[in-house]
Amino acid sequence: MPQLLNKAPSMLGVCYYPEHWPESWWAEDARRMRALGLAYVRIAEFAWSRIEPEPDVFDWGWLDRAVATLGAAGLKVVMCTPTATPPKWLVDAHPEILPVDPATGRTRGFGSRRHTDFSSPAWFEAAMRISTAVAARYGDNAHVVGWQTDNELCCHDTALSASPAARDGFRAWLRGQYADIGALNAAWGNVFWSMEYRDFDAIELPVGAVTETSPAHRMAWRRYASDAVVRFHAEMVAIIRAHSPGRWVTHNFIPMPETGVDNHALAAPLDFASYDNYPLGRADLALAGAPADDFRPWMRTGHPDMQGLLFDQTRGLTGRPFWVMEQQPGPVNWARHNPRPAPGMVRLWSWEAFAHGAAVVSYFRWRQVPFAQEQMHAGLLRPDSSEAEAWPEIAQLAGELAALEQAGQDLAEPGRAPVAMIVDIESQWLSDIERQGAGYDYNGVVAQWYGAVRGLGLDVDFVAAGADLAGYALVLAPALAMPGPDVVARLRDTPALVLIGPRSGAKTRDVTIPEGLAPGPLRALLPMRVLAVETLRADCPGEIRRDCDAFESRAWRESIDAGDCTVLATYEDGTPAMVRNGRVHYLATLTDDAFLAALLTDLCAEAGMTVTPVTGGLRLRRRGDLTFAINYGDEPVLAPAPDGAVFVLGGRTVGARDLAVWC
Ligand code: GAL
């Protein structure tokens with residue numbers, strides 16, 4: 001395994017596009033990168049048309065010289081496969097590689113990026129051919145220290161395609177899964193609405209129908225599409241490994257909520273995962289519906305839980321230190337509104353990433369480009385090469401990292417958090433496919449539960465369903481829609497307290513109601529039954545009562561027969577809303593934040609954990625012996641550091657958009 005932990009001189013990087021600039025600029029650019037304290041430079045992920053300007057005619061000269069120039073300045077090169085942007089000649093020769101938009105049925109054309117179909121055999125062949133060429137050319141180049149596969153796989157809604165290739169691939173995949181068409185018909189319940197098939201080749205993709213298609217059909221399509229991406233990526237990683245021994249391989253992931261792809265499976269062949277951190281763009285989109293007063297405090301910072309959540313999810317993909325491969329340095333160009341970061345935020349986001357286990361933070365991009373699609377997107381330099389707003393913050397950060405290292409404070413391997421949160425792509429798929437209530441969104445539930453734990457000052461590890469739960473004091477599963485036997489066994493075997501949220505064990509693998517009712521196989525741990533489900537408008541909540549306190553029961557409410565479980569909370573009519581059996585708790589409804597905070601405080605106390613409640617913009621995170629207090633707020637706050645704490649950065653008063661670090 002290549003070395004993953006980095007020391008101060010090697011913790012910062014930048015994304016660079018030598019093909020966008022005159023060659024005469026490269027050496028000076030490289031010199032200035034080093035002078036700023038940057039160690040890594042990621043290149044070539046969109047450079048296919050320059051690498052192979054015509055079919056089978058390769059022009060390596062410019063890229064060889066770019067790598068040599070960057071390397072000569074002391075930069076370590078992260079090389080990419082350029083498969084996010086296949087050139088026009090390939091599309092002209094093989095128009096069948098273009099994906100088809102499932103919503104409109106239209107072929108998505110050339111002219112931007114990601115215009116490819118993971119099911120297309122011609123695309124697979126072309127992508128692996130160019131990957132092999134690049135890997136063979138730079139695999140043992142002394143300046144190339146590692147690889148990024150592709151770029152943001154499935155970005156721009158490209159996991160699903162409704163092409164003929166996808167239909168054919170889906171049919172073959174279904175044949176592999178069910179073998180017999182009668183078995184598929186029975187499993188999906190196709191007798192309903194006369195949807196029975198006589199052959200696998202009669203099955204279409206679940207698009208373009210008059211009204212809702214079968215949930216089993218859509219679930220199978222999601223699984224198929226996710227598998228196709230995983231297969232494509234695994235092959236690319238294998239090619240790189242074959243040509244580039246001793247180098248690491250990573251990918252800059254789009255989070256699962258946005259792509260609907262199983263990122264845990266996608267990450268399996270990688271050394272570590274990377275994430276592209278655009279807090280303001282994401283906040284603008286995620287908080288689009290929030291009232292102005294709730295949005296304004298975070299307009300220039302991003303919400304204080306959102307970056308942490310995505311850093312933790314990225315670390316959880318491999319359980320190892322991760323990279324921020326692209327960090328927003330100023331306004332982006334792609335959200336609905338694109339404000340400037342508050343002064344100090346570029347440094348603070350970077351420190352926050354390190355607190356959550358980042359090995360490297362790399363900025364997007366070196367110089368703002370004066371042409372084409374992203375010309376309104378900030379870089380570290382303006383188009384005239386003058387230093388843009390983030391520059392002094394990165395210079396400060398580089399100095400702080402160096403000082404920390406000199407003081408003997410290397411950032412340690414991120415240890416195990418006390419709390420595990422199980423994230424489950426199948427629960428996300430079910431929440432998309434069978435909406436049932438506009439107020440139930442799996443990822444919203446994960447974010448709410450995460451925020452509740454972070455509000456108690458605790459660190460969280462995200463783990464995949466079925467992962468080892470050893471060493472955790474508290475295990476949270478916001479939903480486990482269709483848990484397999486491995487998941488049930490892990491929950492049975494952990495000595496931790498377990499809290500399972502509503503909609504768990506709700507369905508079988510083929511999206512049917514389990515025999516004996518929900519929570520299906522979880523009844524081995526929770527001898528109870530879900531009798532009925534109702535969903536409510538956001539402004540018409542019910543009540544949940546616990547220990548004489550009343551809170552809101554919202555959006556998704558299950559009526560349950562508590563069976564042999566102990567009732568811990570009730571609805572307004574006195575029927576059970578939360579039960580417990582041994583260490584395992586089942587919460588049958590979504591609730592307000594106050595309920596979760598009260599419940600988790602009690603569970604943490606029972607599990608022997610000390611909580612440090614934080615409010616406003618303050619968040620805490622530990623790494624090794626160090627505790628980080630990160631203040632997103634616009635007022636100074638007091639660090640909740642114990643007496644005798646030794647501050648290695650900042651002090652007891654944490655300034656606005658600033659941090660303190662102590663041991
Ligand atoms: C990322 C992408 C980059 C660039 C950037 C702009 O998602 O990987 O290529 O487009 O967004 O913010």
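Numbering of ligands and ligand atoms starts at 1, following listing order.
- A donor-acceptor pair is defined here as one N or O able to donate and one able to accept, closer than 3.5 Å; no such pair exists between the side chain of Asp432 and the backbone of Trp429.
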Provide, line by line, the atom pairs where ligand 1 and the protein bring an N/O atom each to a distance under 3.5 Å; else say none.
{"from": "ligand 1", "atom 1": "7 (O)", "to": "Glu152", "atom 2": "OE1", "distance (Å)": "2.5"}
{"from": "ligand 1", "atom 1": "7 (O)", "to": "Glu152", "atom 2": "OE2", "distance (Å)": "2.7"}
{"from": "ligand 1", "atom 1": "8 (O)", "to": "Asn151", "atom 2": "ND2", "distance (Å)": "3.0"}
{"from": "ligand 1", "atom 1": "8 (O)", "to": "Glu152", "atom 2": "OE1", "distance (Å)": "3.2"}
{"from": "ligand 1", "atom 1": "8 (O)", "to": "Glu152", "atom 2": "OE2", "distance (Å)": "3.2"}
{"from": "ligand 1", "atom 1": "8 (O)", "to": "Glu326", "atom 2": "OE1", "distance (Å)": "3.1"}
{"from": "ligand 1", "atom 1": "8 (O)", "to": "Glu326", "atom 2": "OE2", "distance (Å)": "2.9"}
{"from": "ligand 1", "atom 1": "9 (O)", "to": "Arg113", "atom 2": "NH1", "distance (Å)": "2.8"}
{"from": "ligand 1", "atom 1": "10 (O)", "to": "Arg113", "atom 2": "NH1", "distance (Å)": "3.2"}
{"from": "ligand 1", "atom 1": "10 (O)", "to": "Arg113", "atom 2": "NH2", "distance (Å)": "2.9"}
{"from": "ligand 1", "atom 1": "10 (O)", "to": "Glu374", "atom 2": "OE1", "distance (Å)": "3.4"}
{"from": "ligand 1", "atom 1": "10 (O)", "to": "Glu374", "atom 2": "OE2", "distance (Å)": "2.4"}
{"from": "ligand 1", "atom 1": "12 (O)", "to": "Trp334", "atom 2": "NE1", "distance (Å)": "2.7"}
{"from": "ligand 1", "atom 1": "12 (O)", "to": "His377", "atom 2": "NE2", "distance (Å)": "2.7"}

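- A donor-acceptor distance shorter than 3.5 angstrom exists from the side chain of Arg657 to the backbone of Tyr632, with no hydrogens or angles considered.
- Tested against Tyr450 for a side-chain contact (heavy atoms from CB on, under 4.5 Å), the candidates Val423, Val445, Asp312 yield a single pass: Asp312.
- At distances below 3.5 Å, at least one donor-acceptor pair connects side-chain atoms of Thr81 with backbone N or O atoms of Asp150.
- Of the residues listed (Ile43, Asp64, Val77), the one engaging Tyr138 in a side-chain contact (heavy atoms from CB on, under 4.5 Å) is Asp64, and it is the only one.
- Within the 4.5 Å cutoff, side-chain heavy atoms of Val324 are placed close to those of Phe311.
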